[in-house]
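Here the structure is laid out as structure tokens; the discussion comes afterwards.
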Amino acid sequence: MFHSAHFYLGVPDQISEEDAKSAIRKIFNSKVVGHNIKFDLHFVTRFLEDDSLEVYADSMILAWLINSNSSLALDKLSDALLGHKMLSFKDTVKKGETFAGVELVDACKYAAEDAYITAKLYNLFLEKLELQSATHLIDEAKEVEFPFIKTLLTMEKEGIEIDGSFLEKFLVEVKETLAGLTTSIYELAGSEFNINSTKQLGLILFETLELPVGKKTKTGYSTDEKVLSGLLDAHEIIPKLLEYREVYKLYSTYIEPLLKLSKESKRSRIHTSFVQTGTATGRLSSKNPNLQNIPTRTPIGAKIRQAFVAGEGKKLIGIDYSQIELRLLAHYSQDDVLVNAFKNDKDIHLQTAVVLFGEEEAAQKRSIAKTVNFGLLYGMGPKKLSDTLGITTKEAKEIIEKYFESFPTVKSYFRSIVDSSKEKGYVETLLKRRRYFDYENATPMFRAAYERESVNSVFQGSAADLIKLSMNKIHEVIEKENLNAKMLLQIHDELIFEVNAEEAEVLGNRFRDIMDTIMELNVPLKASLNIGDNWSELK
DNA sequence: TGTGATAGCTCG
DNA sequence: GTACGAGCTATCACAC
């Protein structure tokens, strides 16, 4: 018996599982609109043991395309746009019960309302887009976003294999390290306290030990990594605390939860949920667990990636877009220096350093130029740049001025984004997705933030468009040619696949070519291929 | 016992 | 006040 069939004292006869299956098949043979239909498809495809169901449309995605800032929950949209308060899940399902325990008549009302409101909203959104003469967004939905639902569904269902015994060993090591650090910290502090409590830690550091107070938070002393690093030489306890923080983070956020999930899973594979409407810019987000923020920047952190492995006889493939946002900056601004640097496959940060500081100093100042390049895309100001580089605000200001003098086309292009954003109230990506900003009702501080967000959204959002197109194309190729390859993860500018070891090279190059040629811009796109037995080897 | 705010950390 | 976009864990205060 399928576990969601209703079961309670005096439950009426229900249709057979076979009848339920054929009814669902019939429904999916016509045009099905869902609200977050990927969620439902997980259950339905498992129940039917059939992944070939067709997705027609999703009202949640339309709501997000219309305004990526708005609330997307069905009940909220119903209330706001249709003036109809929906039956709440909480009221329908009594405390401690499941949906299977809900009386059929109530369950039917709840489910029917869900379907009815979804259809209402779908039609409303189509009208809305017509009225706003934004029918191109309907096309974008049909051609890109709706097909993308199944691309993501396939990835989520596959999951990625975890090496449980590796994580077990790592867990033991980390627990021992934490125990040792805890003892040292108590000794150096002169008392026992909760190291994870910023409140208690603040008292120890700044009152008991009388260390110099650097920064305050809303509620007390700041003890973040920057503050602690500034106190490195002030007391022996500081390096211990920094190490404790790093290791405890790995333990509590990664090792323990991932191990638990892998143990719960039959094939030792863990499955994230990608949220297609998860950001205002068009990027994905990933949750339960988030597999887009697995550590990589420190050696001990990067060890976590060793736990993500290819199955027996298989390899993992990683393909990442190189400098995709800066390439988009070159594409949009058409700045000669940037365009030529990318056309000739030059080191973009070094080229920037040459322009800013001259040939002689370029090599040693490359990393400054790199910070400037990234900062640009974020709408950086002199304050933050000086903080990041450890220079004075004045020097930072000069570097920024020098940049805009040297790249006047970039300056005027940024200006045009901001002007148009203020005039129209939104900015657009490559695929014409919009992000709205309410300048009218904003304080000067918010307006400045909107200007930065406008600039950033064009690049971040367009990069998201490109990789989305690539993912759909690769998914299509894998299906059509019945390739023995699984797309597993997307980490914003990077895709991870699992394939048969002997095919890794060929398939990797095939996918990389698709990514390189997914769209013709004013500069070439470039993706890099890596092959390995675990995720830590893909760099 | 549950919830929301805060601080802090991870990633691109 | 001052760099963009996310999600997770732990603590703490407060309500039930």
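The shown structure was predicted, so the numbers you read here are calculated from the model rather than taken from an experiment. First the proteins, then the strands, lettered A, B, ... as listed; each starts at 1.
At a threshold of 4.0 Å, the pair A:Lys394-A:Glu398 counts as salt-bridged, since one of the basic side-chain nitrogens sits closer than that to a carboxylate oxygen. The existence of a salt bridge linking A:Asp347 and A:Arg366 is confirmed by a sub-4.0 Å separation between a basic side-chain nitrogen and an acidic carboxylate oxygen. Salt bridge annotation for A:Glu158-A:Arg269: present, with a cationic side-chain nitrogen under 4.0 angstrom from a carboxylate oxygen. Using a cut-off of 4.0 Å between Lys/Arg side-chain N and Asp/Glu carboxylate O, A:Lys260 and A:Glu256 are scored as not salt-bridged.
Using atom C1' as the reference point in both C:dG1 and B:dC9, the two lie 23 Å apart (nearest Å). Between C:dA3 and B:dA5, the distance separating the two P atoms is 24 Å to the nearest Å.
Within the 4.0 Å cut-off from OP1 or OP2 of C:dT11, at least one side-chain nitrogen or oxygen of A:Asn194 is found. Here A:Tyr378 does not reach the OP1 or OP2 of C:dG5: none of its side-chain N or O atoms lies under 4.0 Å away. Dashed line: the shortest gap from a side-chain N or O of A:Lys287 to OP1 or OP2 of C:dG7 is not under 4.0 Å. Between B:dA7 and A:Thr217, a contact under 4.0 Å exists linking OP1 or OP2 to a side-chain N or O. Under 4.0 angstrom from either OP1 or OP2 of C:dC12 there lies at least one side-chain N or O belonging to A:Ser197. Under 4.0 angstrom from either OP1 or OP2 of B:dA7 there lies at least one side-chain N or O belonging to A:Thr219. Put simply, A:Asn288 has a side-chain N or O that comes within less than 4.0 Å of OP1 or OP2 on C:dC8. Between A:Arg452 and the phosphate of C:dG5, there is no side-chain N or O to OP1/OP2 separation shorter than 4.0 Å. Taking 4.0 angstrom as the limit, A:Lys249 places none of its side-chain polar atoms (N or O) nearer than this to OP1 or OP2 of C:dC8. Residue A:Gln490 has no polar side-chain atom (N or O) positioned under 4.0 Å from OP1 or OP2 of B:dG12. Side-chain N/O atoms of A:Ser457 include none lying less than 4.0 angstrom from OP1 or OP2 on C:dC4. Contact annotation: A:Ser222 side-chain N/O to B:dG8 OP1/OP2 distance is under 4.0 Å. Contact annotation: A:Arg297 reaches the phosphate of B:dC11 (side-chain N/O to OP1 or OP2, under 4.0 Å).
Note: CG (A:Leu258) to P (C:dC8) measures 12 Å, nearest angstrom. Here the C1' atom of nucleotide B:dG8 and the CD atom of A:Glu246 are 14 Å apart, to the nearest Å. In this entry the distance linking NZ of A:Lys384 with P of C:dC4 reads 9 Å, nearest Å. Between the P atom of C:dA3 and the CE atom of A:Met380 lies a distance of 10 Å, rounded to the nearest Å. Protein atom CG of A:Leu284 is 14 Å distant from nucleotide atom C1' of B:dC11, rounded to whole Å. Put simply, CG on A:Leu228 is 12 Å from C1' on B:dA7, counting in whole angstrom units. If you measure from atom CG of A:Asn196 to atom P of C:dT9, you get 13 Å, rounded to the nearest angstrom. Atom-to-atom, CZ of A:Arg435 to C1' of C:dC4 comes out at 8 Å; the value is rounded to the nearest Å.
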Hey, can you pull the donor-acceptor pairs under 3.5 Å for the side chains in residues 439-446 of chain A, sequence neighbours left out?
| from | atom 1 | to | atom 2 | distance (Å) |
| --- | --- | --- | --- | --- |
| A:Tyr439 | OH | A:Ser421 | OG | 2.7 |
| A:Tyr439 | OH | A:Ser454 | OG | 3.2 |
| A:Asn441 | ND2 | A:Asp438 | OD1 | 3.4 |
| A:Asn441 | ND2 | A:Asp438 | OD2 | 2.8 |
| A:Thr443 | OG1 | A:Phe446 | N | 3.3 |

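Here B:dT10 is the nucleotide among B:dG8, B:dT10, B:dG12 with the atom lying nearest to any side-chain atom of A:Asn293. Side-chain proximity of A:Ser285 to the nucleotides C:dA6, C:dA3, C:dT11 is greatest for C:dA6. Candidate nucleotides C:dG5, C:dT2, C:dA10 were compared by shortest atom distance to the side chain of A:Tyr248, and C:dA10 ranks first.
Using a 4.0 Å heavy-atom cutoff across all strands shown, A:Gln460 reaches at least one base atom of the nucleic acid. A:Glu325 comes within contact range of no nucleotide atom at all, as no heavy-atom separation falls under 4.0 Å. Across all strands, A:Gln200 comes closer than 4.0 Å only to sugar-phosphate atoms, never to a base (heavy-atom distances). Nucleic acid contact for A:Thr388: base, since at least one base atom lies under 4.0 Å from a heavy atom of the residue. If you check every strand for non-hydrogen atoms under 4.0 Å, A:Ala280 touches sugar and phosphate atoms only. Among the protein residues, A:Ile294 comes within range of the sugar-phosphate backbone only, with heavy atoms under 4.0 Å from sugar or phosphate atoms but none that close to a base. At the heavy-atom level, A:Pro257 lies under 4.0 Å from the strands shown only through sugar-phosphate atoms.
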Test ring-ring contact (aromatic ring centres under 6.0 Å, His included) applied to A:His331 and A:Tyr413, step by step: CA-CA 11 Å; A:His331 165 76; A:Tyr413 175 62; 9.3 Å; no
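Residues A:Ile531 and A:Phe497 form no side-chain contact, since every pair of their non-hydrogen atoms from C-beta on lies 4.5 Å or further apart.
Of the two residues near DNA chain C, A:Ala448 and A:Phe437, the one whose nearest nucleotide lies more 5' is A:Ala448.
Taken from CG in A:Leu291 to OG in A:Ser286, the straight-line distance is 5.0 Å, to the nearest 0.5 Å.
Between the side chain of A:Arg283 and the base of B:dG12, a donor-acceptor pair under 3.5 Å is found.
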